[in-house]
Every structure is written in C-alpha cells, then in structure tokens.
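Read through the structure below, which is laid out as structure tokens, and then see the notes.
We use all heavy atoms of the structure for the numbers below, so side chains are in, but hydrogens, waters and symmetry mates are not. Nothing here was measured: the structure is a model prediction, and the numbers come from that model.
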Amino acid sequence: MADRAPANSNLCPKPMDDDWFEKVDQSKEIRTKLHFYFHDNATGEHQSVWVVAKSEITHISPTNFGLIYMVDNLMTVGPEPSSEVLGRVQGSPGFADLNNTAFALGLNFVFTEGKYKGSSICVLGRNPVLEKVRELPIVGGTGVFRMARGIAITSTYFLDEPNNNVILEYTLYVTHYSD
C-alpha cells in the first residue's frame with residue numbers, strides 16, 4: 001500500500017470538534033494512494049454478500065434491476081484471502097439501471113488494522129460492473145481521511161462465475177487534511 005502522508009505525522013486526528021473545523025483551512029492537504037483487494041463472496045464458508053431486497057421486475061430484468069445486496073467483505077493487501085488484512089468493505093450495491101448492468105454503489109472502506117486503523121473512506125456512485133476498469137467518486141471519510149475526496153479505480157481481479165464469488169482490485173487516490 002503506497003501513500004504520501006508524512007511518516008512522522010500524527011495521522012489519526014482527535015475527535016471532531018469546532019476547533020479542528022475552524023483550523024482546517026490552515027491544514028496541509030495530503031494526497032494518499034491506497035491499493036488493495038476485497039473478497040466479495042456470495043457463497044461458501046466465508047460468505048460476505050447477502051441479498052436484502054428485490055423489485056417486482058428483478059426476475060424478468062436482463063440487468064437484475066432492483067436487486068440489492070448488503071456486503072461485509074474482507075479487505076487485504078494482496079489478492080489471496082490469507083494476505084495481510086487491512087479491514088472490511090461494508091455497504092450496499094444495488095442494480096439500478098434498466099438498460100445496462102450497473103450498480104448504484106455505496107461502500108465504506110473501514111480500516112481495522114495498520115497505520116489507518118480506526119479510519120474509513122466512503123465511495124458512492126455508479127459502477128458499470130461489466131466494464132474492465134471503473135472509476136468511482138470518493139465522497140468522504142473519517143479519522144485520518146476526514147473530509148476526503150478523490151477517485152477510486154476498480155477492476156475485477158478474479159471471477160468465480162458459477163459461485164458468484166469475486167476478488168476486486170481497488171486503487172484509491174485520496175485528498176485529505178493533516179491534523
């Protein structure tokens with residue numbers, strides 16, 4: 001995982017208060033590049049994807065329109081599930097396009113280990129899942145990534161189509177503030 005945050009900085013800011021907010025314009029912008037994988041398992045012993053809703057037309061829609069999932073996926077440094085754990089990817093993808101296969105996607109990248117432990121990044125946007133490379137907006141964050149913005153680039157690293165298990169590769173380009 002590469003980044004550009006200063007090695008000696010206090011990366012985890014104090015809890016939000018008015019003082020921090022008033023001084024944010026005096027804070028230094030930091031640009032951080034993160035690279036990781038997450039394991040989207042719809043079946044098996046480590047299932048992490050669950051159907052939570054369907055529309056009246058989902059069963060006849062060629063794009064699965066209205067099918068909504070809830071996910072709590074493992075986030076790791078490498079593509080292997082045994083790779084170093086960084087945290088969890090939690091949120092809700094739902095098929096939201098009547099004509100093309102695309103998710104309306106709301107995900108929180110929750111860091112539970114390492115230097116970003118206790119922080120999160122929020123991605124919210126349209127994910128045309130059949131495209132090789134997709135770009136999604138970063139709309140916020142917490143902890144180190146408070147007031148984050150940027151882009152997330154994703155692609156499918158591995159697809160087990162019969163079981164609907166997927167490993168996704170993500171690179172996040174995040175702009176946030178020092179404390």
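Atoms CG and CD, on L107 and Q90 in that order, are 10.0 Å from each other to the nearest 0.5 Å. In this structure, the separation between CD1 on I57 and CG on N64 is 10.5 Å, given to the nearest 0.5 Å. Atoms CD and CZ, on E169 and F38 in that order, are 11.5 Å from each other to the nearest 0.5 Å. Separation of atoms CD1 (I167) and OG (S155) is listed at 11.5 Å; rounding is to 0.5 Å. Here the straight-line distance linking atom OG of S83 with atom NE2 of H39 works out to 6.5 Å at 0.5 Å rounding. Distance check: T156 OG1 to L130 CG gives 8.5 Å after rounding to the nearest 0.5 Å.
For the pair R149/I138, no side-chain contact is recorded, criterion being any heavy-atom separation below 4.5 Å from C-beta on. At a threshold of 4.5 Å between non-hydrogen side-chain atoms, the residues L172 and F36 count as touching. Looking at heavy atoms from C-beta onward, R134 lies out of side-chain contact with I153 at the 4.5 angstrom threshold. Contact of the V71 side chain with the P93 side chain is registered, since non-hydrogen atoms from C-beta on lie closer than 4.5 Å.
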- [ ] Start with the C-alpha gap between L86 and E113, add the side-chain angles, then the distance that decides, and say whether side chain to side chain contact (heavy atoms under 4.5 Å, CB included) holds.
- [x] CA-CA 5 Å; L86 297 172; E113 305 294 332; 5.7 Å; no
Open item on the list: Before you tell me yes or no, could you show the steps for N164 and T43 under side chain to side chain donor-acceptor pair (under 3.5 Å), namely the whole-Å CA-CA distance, both residues' side-chain angles and the distance that decides it to 0.1 Å?
Closed with: CA-CA 7 Å; N164 203 24; T43 61; over 6 Å; no
- [ ] Please report the C-alpha distance between L67 and F95 in whole Å, then the side-chain angles of each, then the deciding distance to 0.1 Å, and finally whether the side chain to side chain contact (heavy atoms under 4.5 Å, CB included) criterion is met.
- [x] CA-CA 5 Å; L67 181 59; F95 288 99; 3.8 Å; yes
TODO: Before giving the answer on side chain to side chain contact (heavy atoms under 4.5 Å, CB included), spell out for Y69 and W50 the whole-Å C-alpha distance, their side-chain angles and the decisive distance to 0.1 Å.
DONE: CA-CA 5 Å; Y69 297 98; W50 302 92; over 6 Å; no
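At a threshold of 4.5 Å between side-chain heavy atoms, the hydrophobic network of Ile, Leu, Val, Met, Phe, Trp and Tyr places V123 and V49 in one connected group. V133 and L159 fall into different hydrophobic clusters, where Ile, Leu, Val, Met, Phe, Trp and Tyr residues are linked whenever their side-chain heavy atoms come under 4.5 Å apart, directly or through other members. Clustering ILVMFWY residues whenever any of their side-chain heavy atoms sit less than 4.5 angstrom apart, transitively, puts V51 in the very cluster that holds F103.
Side-chain atoms of S92 do not come within 3.5 Å of backbone N or O of G106 as any donor-acceptor pair. Checking side-chain atoms of Q47 against main-chain N and O of N41 turns up no donor-acceptor pair under 3.5 Å. Formation of a donor-acceptor pair under 3.5 Å by the S55 side chain with backbone atoms of F65 is found in this model. The main-chain N or O of V144 is found under 3.5 Å from a side-chain atom of H176 such that the two form a donor-acceptor pair.
Checking each of T101, L105, V166, T154 against V129 for a side-chain contact (heavy atoms from CB on, under 4.5 Å) leaves exactly one that passes, namely T101. A ring pair (Phe, Tyr, Trp, His ring centres under 6.0 Å) with F109 is found for one member of Y116, Y170, F145 and no other, namely Y170. Residue I121 forms a side-chain contact (heavy atoms from CB on, under 4.5 Å) with just one option from V110, N108, L34, T32, and that option is L34. Y37 pairs with exactly one of V77, T76, N73, L168 by the side-chain contact (heavy atoms from CB on, under 4.5 Å) rule, that one being T76.
Under a cut-off of 6.0 angstrom, the local environment of CD in E29 is crowded, with over 12 non-hydrogen atoms contributed by other residues, nucleotides or ligands.
The two atoms that bring S120 and F111 nearest to each other are CA-CD1, 4.3 Å, heavy atoms only. N165 and A42 get closest at one heavy-atom pair: OD1-N, 2.7 Å. Summarising the geometry of L136 relative to R126, their closest heavy-atom pair is CD2-O, 3.0 Å, with the distance given to 0.1 Å. Pairing each heavy atom of Y177 with each of I30, the nearest pair is C-CD1, 4.2 Å. For A96 against A104, the heavy-atom pair with the smallest separation is CB-CB, 3.7 Å.
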